[in-house]
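Bear in mind the structure is a predicted one, so any value in this text is a computation, not a measurement.
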Amino acid sequence: QLQLVESGGGLVQPGGSLRLSCAASGFVFDDYAMGWFRQAPGKEREGISCISSRSYNTYYADSAKGRFTISRDNAKNMVYLQLNTLNAEDTGAYFCAAAAQTTSSMCMAKRVDYWGQGTQVTVSS
């Protein structure tokens, strides 16, 4: 019954903010790096941000640096992505992911063990 369940997506205007949440269950949460990936229609899924299991080492895609913040709460089996200063290029389905990998292997090489179903973020006026 492993589950990664995302929430918090929606429609937001350019320059606005959202906070995405991912609730994890069915595995040892603090043994896994966690991350957020984005997929727009017709495009490949890309790693936006990843965070290590216990040391909270982070990775950010260039497009996310300075605007997005990933965090996790191991006591609650939760991972979050704070999205600030959103623009239209941030639009897509955001997927929560878990991996027994480093943050770079997870986010850059997409070495992922488990995927959530995604939550849609649409940035539009």
Side-chain angles (χ1 to χ4, degrees):
Q1 293 187 323
L2 189 150
Q3 288 188 313
L4 297 173
V5 181
E6 303 96 332
S7 62
L11 176 65
V12 63
Q13 66 182 25
S17 299
L18 287 172
R19 187 181 73 169
L20 307 183
S21 299
C22 174
S25 61
F27 65 101
V28 181
F29 184 73
D30 62 1
D31 281 349
Y32 286 79
M34 300 295 296
W36 291 93
F37 291 71
R38 180 176 66 217
Q39 188 166 26
K43 296 184 178 180
E44 294 184 349
R45 195 169 298 185
E46 62 176 328
I48 300 301
S49 185
C50 294
I51 185 167
S52 64
S53 58
R54 289 177 290 275
S55 297
Y56 310 134
N57 178 21
T58 57
Y59 166 92
Y60 293 95
D62 287 344
S63 63
K65 290 178 181 176
R67 300 190 300 126
F68 298 175
T69 303
I70 191 169
S71 60
R72 66 189 293 163
D73 185 338
N74 284 355
K76 296 182 178 179
N77 288 181
M78 296 287 293
V79 61
Y80 308 94
L81 187 67
Q82 179 68 42
L83 310 173
N84 294 329
T85 320
L86 287 161
N87 57 60
E89 288 68 45
D90 298 318
T91 293
Y94 284 71
F95 295 86
C96 182
Q101 301 287 335
T102 65
T103 56
S104 58
S105 292
M106 184 179 190
C107 259
M108 296 180 67
K110 294 189 286 188
R111 295 175 182 170
V112 171
D113 294 310
Y114 311 125
W115 293 101
Q117 293 300 304
T119 185
Q120 179 68 31
V121 172
T122 302
V123 185
S124 181
S125 297

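- Atom-to-atom distance recorded for Met106:CE and Trp36:CH2 is 10.5 Å, nearest 0.5 angstrom.
- In this structure, the side chain of Tyr80 does not engage the main chain of Thr69 through any donor-acceptor pair within 3.5 Å.
- The closest donor-acceptor contact from the side chain of Ser25 to the backbone of Leu2 lies at 3.5 Å or more, if one exists at all.
- Each disulfide bond (SG atoms under 2.5 Å apart) pair with one or both residues in residues 68-102, not counting sequence neighbours, appears once here: Cys22-Cys96.
- Among pairs with a residue in residues 85-125, those fulfilling ring pair (Phe, Tyr, Trp, His ring centres under 6.0 Å) read Phe27-Tyr114, Tyr32-Tyr114, Phe37-Trp115, at least two apart in sequence or across chains.
- Looking at heavy atoms from C-beta onward, Leu11 lies in side-chain contact with Ser124 at the 4.5 angstrom threshold.
- Atom CE of Met78 has more than 12 neighbouring heavy atoms from other residues, nucleotides or ligands inside a 6.0 Å radius.
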Could you walk me through whether Lys76 and Ser21 pass the side chain to side chain contact (heavy atoms under 4.5 Å, CB included) test, one step at a time?
CA-CA 12 Å; Lys76 296 182 178 179; Ser21 299; over 6 Å; no

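- Asp31 and Ser53 are not linked by any side-chain donor-acceptor pair at a separation below 3.5 angstrom, with hydrogens and angles left out of the test.
- Between the side chain of Glu6 and the main chain of Gln117, a donor-acceptor pair closer than 3.5 Å is present.
- Of all non-hydrogen atoms in Ala97 and Val112, the two that sit nearest each other are CB-CG1, 3.7 Å.
- A distance of 9.5 Å separates CG of Asn74 from CE of Met34, quoted to the nearest 0.5 Å.
- A distance of 10.5 Å separates CD1 of Ile48 from CD1 of Ile70, quoted to the nearest 0.5 Å.
- A donor-acceptor pair under 3.5 Å is absent between the side-chain atoms of Asn57 and the main chain of Thr103, judged by distance alone.
- Judged by distance alone, with hydrogens and angles left aside, the side-chain atoms of Arg67 form a donor-acceptor pair with the main-chain N or O of Thr85 at under 3.5 Å.
- Judged as a disulfide bond (SG atoms under 2.5 Å apart), the pairs with a partner in residues 46-89 (not counting sequence neighbours) are, in order, Cys50-Cys107.
- Judged by distance alone, the side chain of Arg72 and the main-chain N or O of Ser52 form a donor-acceptor pair under 3.5 Å.
- From Lys65, atom NZ reaches atom OH of Tyr59 across 7.0 Å, with rounding to the nearest 0.5 Å.
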